[in-house]
Structures are given as structure tokens and as C-alpha cells.
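Shown next, in C-alpha cells, is the structure this report addresses.
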Amino acid sequence: MLDTATVQMIKATVPALQIHANDITSHFYPLLFAQHPEVLPYFNQTNQGKGTQPKALANAVIAYGANIDELGNLSDAVSKIVQKHTALGIFPEQYDAVGSCLLQAIKAVLGDAATDEVIDA
Ligand code: HEM
């Protein structure tokens, strides 16, 4: 269970994430593929080129942030994401790789606004 301060901090990041979503995902994928090249074959490069996959990830992250205190709102979306990722055969440790690269991308784009407290939250 997240404490109130953490919830507030996450919600406060949503406007910045919305403004910089495309920049963050543009940073994220090169980091992921450079640091974890083993995940590259999972990704459809046509979708990468079209920007549909980066946009889907950005929208999901923003929706998590906006609904962090009302997670029930995400049930349908999470169910679809779970089906997609189990069908793809994604392993639990690969979520750590994605999480780490996503935080690095957020830090790179938001700079000083992404304080240690924000990144921890
Ligand atoms: C924070 C956790 C994650 C979130 C929120 C997330 C979100 C999403 C979303 C919203 C989609 C689009 C679903 C659709 O088209 O129906 C997607 C697709 C995908 N995700 Fe994730 N994802 C996460 C973690 C991962 C991980 C750990 C991997 C493996 C490295 C991964 C690999 C993929 C792939 C390969 C696709 C399909 C992309 C394509 O069409 O080429 N995701 N993800």
C-alpha cells in the first residue's frame, strides 16, 4: 500500500508525463534495446516505426499515474495488457529491465524536476 505522500507525488508527475510522453518513450526504447538487446526480438519494428507501441506504453504509464489511488479504474486496461504480455511470453525479470530504463528515460527528459523523491515514488 502506498502512503499518501507517495500517491500525491505520483499524481503530481502526471502533467509533466503528459507533456513529455513522446520524448520519454523516444529515450526509453533506445536505452532498453542497448542495455537489454535480448528483448529486441519481441518487438514488432513496424509498430515501433509507426509510433503505436511507444504511444501505447506512454498512455499506460500516464493512466497508472493518474489512477494510482483508484486502481480499479484500470482493471480492463490491465487485463488487456496482461493478456498481451503473457501471450508474448514476457518474463518477470524483464519488467525490472523496462522499469529501470523507463526511470532513466524520465530522469533524462525531466532533468532536475525528476528529483530522487519523484523517482523513488
Ligand atoms: C510497466 C510495464 C509495462 C507496461 C505498462 C506495458 C504496456 C504495454 C502496452 C499498453 C502495450 C500495447 C498493448 C496492445 O497493443 O494491446 C504493450 C505491448 C508490448 N509490450 Fe509492454 N508493457 C510493459 C512491460 C513490458 C515488458 C517488460 C516487455 C518485455 C520486454 C514488454 C514488451 C511488449 C511488447 C513486445 C509489446 C508488443 C509490441 C509490438 O506490437 O511490437 N512490455 N505493452
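We count ligands from 1, going down the list as the structure has it; atoms in each ligand are counted the same way. All values reported here derive from a predicted model rather than from experimental measurement. Only this structure's heavy atoms are used, side chains among them; waters, hydrogens and symmetry mates stay out.
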Would you say Asp76 has more than 12 foreign heavy atoms packed within less than 6.0 Å of its CG? no
Given Val78, Leu17, Ile10, the one that forms side-chain contact (heavy atoms from CB on, under 4.5 Å) with Tyr64: Val78
Answer with yes or no whether the side chains of Gln94 and Glu38 bring together a donor and an acceptor at under 3.5 Å. no
Among protein heavy atoms, which sits nearest to atom 39 (C) of ligand 1, and what does the distance come to when rounded to 0.1 Å? Asn47 ND2, 3.6 Å
All heavy atoms of Leu31 vs all of Gln104, minimum pair found to be CD1-CB, 3.8 Å
Which segment of Leu88 sits under 4.0 Å of ligand 1 when only heavy atoms are counted: side chain
Donor-acceptor contact below 3.5 Å, side chain Thr86 vs main chain Val82: yes
Counting each atom of ligand 1 from 1 as listed, which ones have a heavy atom of Val39 under 4.0 Å away? 30 (C)
Minimum distance, heavy atoms only, to atom 7 (C) of ligand 1: which one of Leu102, Leu40, Leu57 is it? Leu57
Ligand 1 contact on His85 by region, counting heavy-atom pairs under 4.0 Å: side chain
Just need the protein heavy atom nearest to atom 5 (C) of ligand 1, so name the residue and atom and give the distance. Ala60 CB, 3.9 Å
Non-hydrogen atoms of Ala21 and Ile62 that approach each other most closely: CB-CD1, 3.9 Å
Give me the residue, atom name and distance of the protein heavy atom closest to atom 41 (O) of ligand 1. Asn44 N, 2.7 Å
shortest atom 10 (C) of ligand 1-to-protein heavy-atom contact is with Ala56 O, 3.5 Å
Could you tell me which atoms of ligand 1, counted from 1 in the order shown, lie closer than 4.0 angstrom to a heavy atom of Tyr42? 35 (C)
For atom 16 (O) of ligand 1, closest protein heavy-atom neighbour: Lys84 CD, 3.9 Å
With no hydrogens and no angle check, do the side chains of Ser26 and Asp23 hold a donor and an acceptor under 3.5 Å apart? no
Between His85 and Tyr95, what is the ring plane arrangement, given parallel below 30°, perpendicular above 60°, and tilted in between? tilted
Protein residue, atom and distance nearest to atom 1 (C) of ligand 1, heavy-atom basis: Val98 CG1, 4.3 Å
List every atom of ligand 1 that sits less than 4.0 Å from any heavy atom of Gln94, numbering the atoms from 1 in the order shown and giving each element. 27 (C)
Take Gln8 and Thr4 through the test side chain to side chain donor-acceptor pair (under 3.5 Å) and record every step on the way to the result. CA-CA 6 Å; Gln8 303 273 320; Thr4 310; over 6 Å; no
Which residue supplies the protein heavy atom nearest to atom 29 (C) of ligand 1, what is that atom called, and how far is it? Ile90 CD1, 3.3 Å
Could you find the nearest protein heavy atom to atom 11 (C) of ligand 1 and give me its residue, atom name and distance? Gln53 OE1, 3.9 Å
